Peer 1: 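Below you will find the structure I want to go over with you.
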Number of protein chains: 2
Amino acid sequence: MNKNDHSFLSSEIVENVSLIFKALADPTRIKILYLLSQEECNVNHIAEVLEMSQSAVSHQLSMLRNLRLVKYRREGKTLFYSCDDEHVISLLKQAIDHSEHH
Amino acid sequence: MNKNDHSFLSSEIVENVSLIFKALADPTRIKILYLLSQEECNVNHIAEVLEMSQSAVSHQLSMLRNLRLVKYRREGKTLFYSCDDEHVISLLKQAIDHSEHH
DNA sequence: ATTACATATGAATATATGCTCATATGAAGA
DNA sequence: TCTTCATATGAGCATATATTCATATGTAAT
């Protein structure tokens with residue numbers, strides 16, 4: 001195949017796809033997203049269930065928020081986070097299934 | 001939800017899923033895998049088409065080989081690489097589609 | 001206003017990652 | 001065997017990433 005005959009991806013698309021997969025590439029974020037795919041959670045609950053510090057969780061939520069993969073609603077002092085991108089959750093679940101069935 | 005009521009992912013699964021997405025998280029590897037999903041390529045061809053050094057391509061192929069995402073066959077001095085994990089290619093193409101349609 | 005609680009954020013640090021450069025390996029032909 | 005070509009690999013470096021620690025912000029109750 002000649003160099004000009006390829007169907008190329010624009011660098012914008014490549015960067016976007018890279019961002020999606022980067023979000024899913026970290027064990028901590030995988031656990032957070034999987035947890036949020038099961039139920040809406042507040043920050044401390046996530047920290048307790050996943051046995052990590054409040055700060056670490058909050059930093060990761062901040063990143064996931066920037067990528068619009070999660071959203072939250074406030075109830076008093078508490079913020080309840082949930083998933084905001086079903087497609088990305090679908091990618092995650094497919095990878096989990098794939099991994100579980102070798 | 002109580003801490004014990006969650007469906008947890010084993011750390012082995014989490015690590016595996018993380019490895020898959022890490023492989024897909026780098027722009028260079030996205031381009032290589034997308035190219036290989038279109039045609040079998042030798043190393044120099046990949047380097048030329050993607051305008052990167054032979055060494056950089058070879059390092060990335062080495063990683064993709066270890067993860068069994070690509071395979072190769074030899075023809076004389078030349079190695080022809082191709083995709084070896086249709087499921088991962090499927091994840092990649094879904095992310096591309098998603099990204100293209102905003 | 002003061003305090004307590006829930007969460008966010010900035011700086012610092014440690015580790016991971018991707019590239020380059022130089023060199024090694026390995027196959028094929030002279 | 002010597003050379004050439006295709007690819008692989010190791011060391012070193014620069015950047016990115018995830019965490020911790022300390023502190024800030026913001027809400028609600030007293």
Side-chain angles (χ1 to χ4, degrees), chain A residues 3 11 14-36 39-82 84, chain B residues 3 11 14-36 39-82 84:
Chain A
K3 183 169 169 179
S11 54
V14 171
E15 280 307 317
N16 256 310
V17 169
S18 167
L19 284 179
I20 294 173
F21 286 128
K22 268 190 181 122
L24 293 168
D26 177 67
T28 293
R29 286 190 297 271
I30 290 171
K31 291 184 215 160
I32 292 176
L33 286 172
Y34 187 71
L35 180 57
L36 293 181
E39 57 164 347
E40 191 185 46
C41 291
N42 65 53
V43 180
N44 278 328
H45 182 70
I46 299 172
E48 278 163 34
V49 169
L50 302 185
E51 296 177 324
M52 31 187 311
S53 73
Q54 177 268 321
S55 180
V57 171
S58 188
H59 276 293
Q60 295 294 9
L61 287 172
S62 157
M63 181 197 166
L64 294 172
R65 237 166 36 220
N66 288 335
L67 291 169
R68 310 204 185 278
L69 302 189
V70 301
K71 64 188 175 200
Y72 64 88
R73 68 180 175 84
R74 174 179 291 280
E75 205 169 282
K77 296 175 226 169
T78 306
L79 302 184
F80 288 94
Y81 277 84
S82 56
D84 198 27
Chain B
K3 183 170 171 181
S11 54
V14 171
E15 280 306 318
N16 256 312
V17 168
S18 168
L19 284 179
I20 293 172
F21 286 130
K22 269 190 181 120
L24 293 168
D26 177 67
T28 293
R29 286 191 295 272
I30 290 171
K31 290 184 212 160
I32 292 177
L33 286 172
Y34 187 72
L35 180 56
L36 293 181
E39 58 165 346
E40 190 185 45
C41 292
N42 65 53
V43 180
N44 278 328
H45 182 69
I46 299 172
E48 278 164 33
V49 169
L50 302 185
E51 296 177 326
M52 34 187 313
S53 74
Q54 177 268 320
S55 180
V57 171
S58 188
H59 275 294
Q60 296 293 10
L61 287 172
S62 156
M63 179 195 168
L64 295 172
R65 238 166 36 220
N66 289 335
L67 291 170
R68 310 204 183 280
L69 302 189
V70 301
K71 62 188 176 197
Y72 64 89
R73 68 180 175 85
R74 175 178 290 280
E75 205 170 281
K77 296 175 224 167
T78 306
L79 301 185
F80 288 94
Y81 277 85
S82 56
D84 198 27

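Convention: sequence-line order gives letters A, B, ...; per-chain numbering from 1. Quick note: numbers below take in every heavy atom, side chains included, and nothing from hydrogens, waters or symmetry partners. Treat the numbers as computed from the prediction; the structure is a model and nothing was measured.
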Peer 1: To check you understand the geometry: which heavy-atom pair defines the closest contact between A/R29 and A/Q60, and what is its length?
Peer 2: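 Closest approach of A/R29 to A/Q60: NH1-OE1, 2.9 Å.
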Peer 1: Using only side-chain N and O atoms of A/N42, determine if any of them is under 4.0 Å from OP1 or OP2 of C/dA6.
Peer 2: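 No, outside the criterion.
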Peer 1: Rounding to an integer number of Å, can you tell me how far A/H45 NE2 sits from C/dT7 P?
Peer 2: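 After rounding, the reported distance stands at 11 Å.
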Peer 1: From CZ of A/R65 over to C1' of C/dT7, roughly how many Å is that when rounded to an integer?
Peer 2: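 Atom CZ in A/R65 sits about 9 Å away from atom C1' in C/dT7.
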Peer 1: Is a donor from one side chain sitting under 3.5 angstrom from an acceptor on the other, for A/Y72 and A/R65?
Peer 2: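 No, A/R65 and A/Y72 have no side-chain donor paired with an acceptor closer than 3.5 Å.
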Peer 1: Nearest heavy-atom pair of A/I32 and A/L50: which atoms, and what distance?
Peer 2: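 Where A/I32 meets A/L50 most closely, the heavy atoms are CG1-CD1, 3.7 Å.
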Peer 1: Heavy-atom count around B/R73 CZ within 6.0 Å, excluding the residue itself: above 12?
Peer 2: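 Yes - once you tally the heavy atoms of other residues, nucleotides and ligands closer than 6.0 Å, there are more than 12.
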Peer 1: Of the candidate nucleotides C/dG26, C/dT7, C/dT17, which contains the atom at the shortest distance from the side chain of A/Q54?
Peer 2: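 Between C/dG26, C/dT7, C/dT17, the one nearest the side chain of A/Q54 would be C/dT7.
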Peer 1: Return the value, rounded to whole Å, for the distance between atom CD of B/E75 and atom C1' of C/dA28.
Peer 2: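 To the nearest whole Å, that distance equals 14 Å.
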Peer 1: Using a cutoff of under 3.5 Å, can you pull out all pairs of nitrogen or oxygen atoms linking the protein to nucleotides 10-13 of chain C, with atom names and distances?
Peer 2:
from: C/dG10; atom 1: O6; to: A/H59; atom 2: NE2; distance (Å): 2.7

Peer 1: Quick one: B/L67 CG to C/dT17 P, roughly how many Å, whole number?
Peer 2: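 Roughly 11 Å, once rounded to whole Å.
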Peer 1: Considering all heavy atoms of both residues, which atom of A/Y81 and which atom of A/V43 are nearest to each other, and what is their separation?
Peer 2: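 In terms of heavy atoms, the two residues are closest at CE1-CG2, 3.7 Å.
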Peer 1: Under 4.0 Å from a heavy atom of chain A: give me the 5'-most and 3'-most nucleotides of DNA chain D that qualify.
Peer 2: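 Contact span on the strand: D/dT17 to D/dA28.
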Peer 1: Has A/S18 got a side-chain atom pairing as donor or acceptor with B/D26's backbone, closer than 3.5 angstrom?
Peer 2: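 Side chain of A/S18 to backbone of B/D26: no pair is present.
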Peer 1: Which is true for A/Y72 with a 4.0 Å heavy-atom rule: it touches a base, it touches only sugar-phosphate, or it touches nothing?
Peer 2: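 It contacts nothing in the nucleic acid.
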Peer 1: Just how far, in rounded Å, is C1' of C/dT7 from CG of A/L61?
Peer 2: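 Rounding to the nearest Å, CG of A/L61 and C1' of C/dT7 are 10 Å apart.
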Peer 1: Among A/L79, A/L61, A/L36, whose side chain to side chain contact (heavy atoms under 4.5 Å, CB included) with A/C41 holds?
Peer 2: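 Looking at A/L79, A/L61, A/L36, the match for A/C41 under the side chain to side chain contact (heavy atoms under 4.5 Å, CB included) is A/L36.
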Peer 1: Can you see which heavy atom on A/L24 is nearest to which on B/F21, and at what distance?
Peer 2: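 Looks like O-CD1, 3.2 Å.
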Peer 1: Separation of A/R29 atom CZ from C/dA16 atom C1', in whole Å?
Peer 2: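 Interatomic distance, CZ of A/R29 to C1' of C/dA16: 13 Å.
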Peer 1: Is the side chain of B/N66 donor-acceptor paired with the backbone N or O of B/S62 at a distance under 3.5 Å, no angle test?
Peer 2: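 Pair found, side chain donor or acceptor close to backbone of B/S62.
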Peer 1: Taking only the side-chain heavy atoms of A/S58 (C-beta and beyond), determine which of C/dT7, C/dA27, C/dT20 contains the nearest atom.
Peer 2: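 The answer is C/dT7.
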Peer 1: For B/Y81, answer base if it contacts any base atom (sugar-phosphate contacts may also be present), sugar-phosphate if it contacts only those atoms, and nothing otherwise; contact means non-hydrogen atoms under 4.0 Å.
Peer 2: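 Sugar-phosphate, no base atom in range.
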